[in-house]
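Whatever order the structure lists ligands and atoms in, that order sets their numbers, starting from 1. FYI, side chains are in, hydrogens and waters are out, and symmetry mates aren't considered; it's all heavy atoms of this structure.
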Amino acid sequence: MDGNGRWAKLRGKERVYGHFEGVESVRAVMEASVEWGIRYVSFFAFSEENWARPEQEVMTLMQLMLDAMVKELETFKKNGVRFRVLGNRERLSPELAGTIDRIEAETADGSVLTMILFLSYSGKWDIRQAARRMAAAGDDDIEPYLVTAGIPDPDLLIRTSGEKRISNYLLWQLAYTEFVFTDTLWPDFRKDSYRAALEEYASRDRRFGKVK
Ligand code: IPE
Ligand code: MG
């Protein structure tokens, strides 16, 4: 999800206003995912690097995410959405961590859609923590130790706002993922943009390194 700050700036408003509108896009994508039978949808909400943003913006973002997940709890339950948060929990406030635990527990039996919020996450952090635990266990398969253990690798990654980089997202898991880049800023990314990205994905020829 990228472009919230620019979206707000274009309207002469504070960056946080873009983050508020961005929450509406998350909701729209979640609803469309349920409607279209998508089984997993993930959002890169906040990276390890994002902690270096101005304190005020970080605090607002954390509060916004906390409020949004509490507000959506009933919608998750009603729609069979299993909600999960993946990332470095040690950096989250006890209040946010506690709320996440509660919502994850309350939606644990959701079987229609798994919605994942990557929060305080970075791909290098994930590989590092997985490698450490793998070595301690004397194993040689890293995947069970990544925070995404048990979750299929993404088929599609959509990056908004015209940026064309991975920005330390799922480095291991994106090995054969298809990428769609769009100039649309995240607060404008609603159902139609999502559909367009899925249509582009549907036209790709996935060979996974093999020949057809
Ligand atoms: C994405 O929007 C949201 C987060 C990274 C939290 P940005 O805040 O990166 O918006 P731009 O890139 O400055 O427009
Ligand atoms: Mg950005």
Side-chain angles (χ1 to χ4, degrees), residues 1-33 40-72 76 83-93 95-97 99-100 103-104 115-127 147-148 154 156-174 177 179-194 196-198:
M1 302 184 280
D2 204 1
N4 294 352
R6 278 164 284 170
W7 188 92
K9 201 176 170 201
L10 279 168
R11 287 158 180 78
K13 308 226 179 181
E14 299 286 323
R15 294 176 54 80
V16 295
Y17 182 70
H19 297 318
F20 278 104
E21 274 305 306
V23 173
E24 296 308 315
S25 297
V26 174
R27 185 175 294 120
V29 169
M30 176 190 72
E31 283 171 6
S33 298
Y40 294 86
V41 66
S42 307
F43 301 90
F44 195 12
F46 194 88
S47 69
E48 285 268 84
E49 290 78 12
N50 287 150
W51 287 110
R53 290 191 177 195
E55 198 186 333
Q56 189 58 47
E57 179 169 346
V58 171
M59 277 173 52
T60 306
L61 274 167
M62 293 298 151
Q63 190 62 47
L64 187 63
M65 287 189 277
L66 196 149
D67 292 345
M69 59 183 86
V70 170
K71 202 171 149 209
E72 291 305 305
F76 293 153
F83 181 72
R84 297 190 62 187
V85 175
L86 301 179
N88 187 356
R89 294 267 175 114
E90 285 169 22
R91 299 188 73 168
L92 305 182
S93 74
E95 189 196 3
L96 180 55
T99 302
I100 290 166
I103 296 177
E104 285 187 332
M115 171 172 168
I116 306 159
L117 209 60
F118 282 90
L119 177 51
S120 192
Y121 180 87
S122 84
K124 287 190 178 181
W125 165 82
D126 194 4
I127 293 169
V147 293
T148 50
L156 167 65
L157 177 137
I158 303 164
R159 180 149 188 171
T160 56
S161 86
E163 309 292 2
K164 295 181 182 67
R165 50 179 172 263
I166 296 181
S167 299
N168 213 350
Y169 192 34
L170 299 163
L171 298 178
W172 179 280
Q173 298 89 336
L174 295 177
T177 299
F179 287 67
V180 168
F181 296 101
T182 169
D183 288 338
T184 304
L185 303 173
W186 178 252
D188 288 328
F189 192 93
R190 301 284 162 96
K191 199 172 176 181
D192 287 348
S193 316
Y194 188 25
L198 292 180

Distance to the ring centre below 6.0 angstrom and angle to the axis at most 45 degrees; does that hold for Lys13 and Tyr17?
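Yes, a cation-pi geometry.
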
Output the list of atoms in ligand 1 that are nearer than 4.0 Å to some heavy atom of [X], sorted by atom number.
X: Asn50; result: 5 (C)
X: His19; result: 3 (C), 8 (O)
X: Arg15; result: 7 (P), 8 (O), 10 (O), 13 (O)
X: Met1; result: 1 (C), 3 (C)
X: Arg6; result: 11 (P), 12 (O), 14 (O)

Are [X] and ligand 1 in contact, using a heavy-atom cut-off of under 4.0 Å?
X: Lys9; result: no
X: Glu163; result: no
X: Ala45; result: yes
X: Gly3; result: yes

Quick one: are [X] and [Y] in side-chain contact, heavy atoms under 4.5 Å?
X: Val23; Y: Leu64; answer: yes
X: Phe43; Y: Met115; answer: yes
X: Leu119; Y: Ile100; answer: yes
X: Ser120; Y: Trp51; answer: yes

Give the residue, atom name and distance (to 0.1 Å) of the protein heavy atom nearest [atom].
atom: atom 10 (O) of ligand 1; value: Gly5 N, 2.9 Å
atom: atom 5 (C) of ligand 1; value: Arg53 NH2, 3.5 Å
atom: atom 2 (O) of ligand 1; value: Asn4 N, 3.2 Å

Would you please name every residue forming a ring pair (Phe, Tyr, Trp, His ring centres under 6.0 Å) with Trp172, sequence neighbours left out?
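Residues passing ring pair (Phe, Tyr, Trp, His ring centres under 6.0 Å) with Trp172: none at all.
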
Could you tell me whether the side chain of Thr160 and the main chain of Asp2 form a donor-acceptor pair under 3.5 Å?
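The answer is yes, because a donor-acceptor pair under 3.5 Å joins these two groups.
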
Mind checking how many protein N/O/S atoms fall short of 2.8 Å from the Mg ion (ligand 2)?
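My tally for this metal is 1.
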
Looking at the rings of Tyr169 and Phe118, which for Trp means the six-membered one, are their centres under 6.0 Å apart?
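Yes, ring centres under 6.0 Å apart.
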
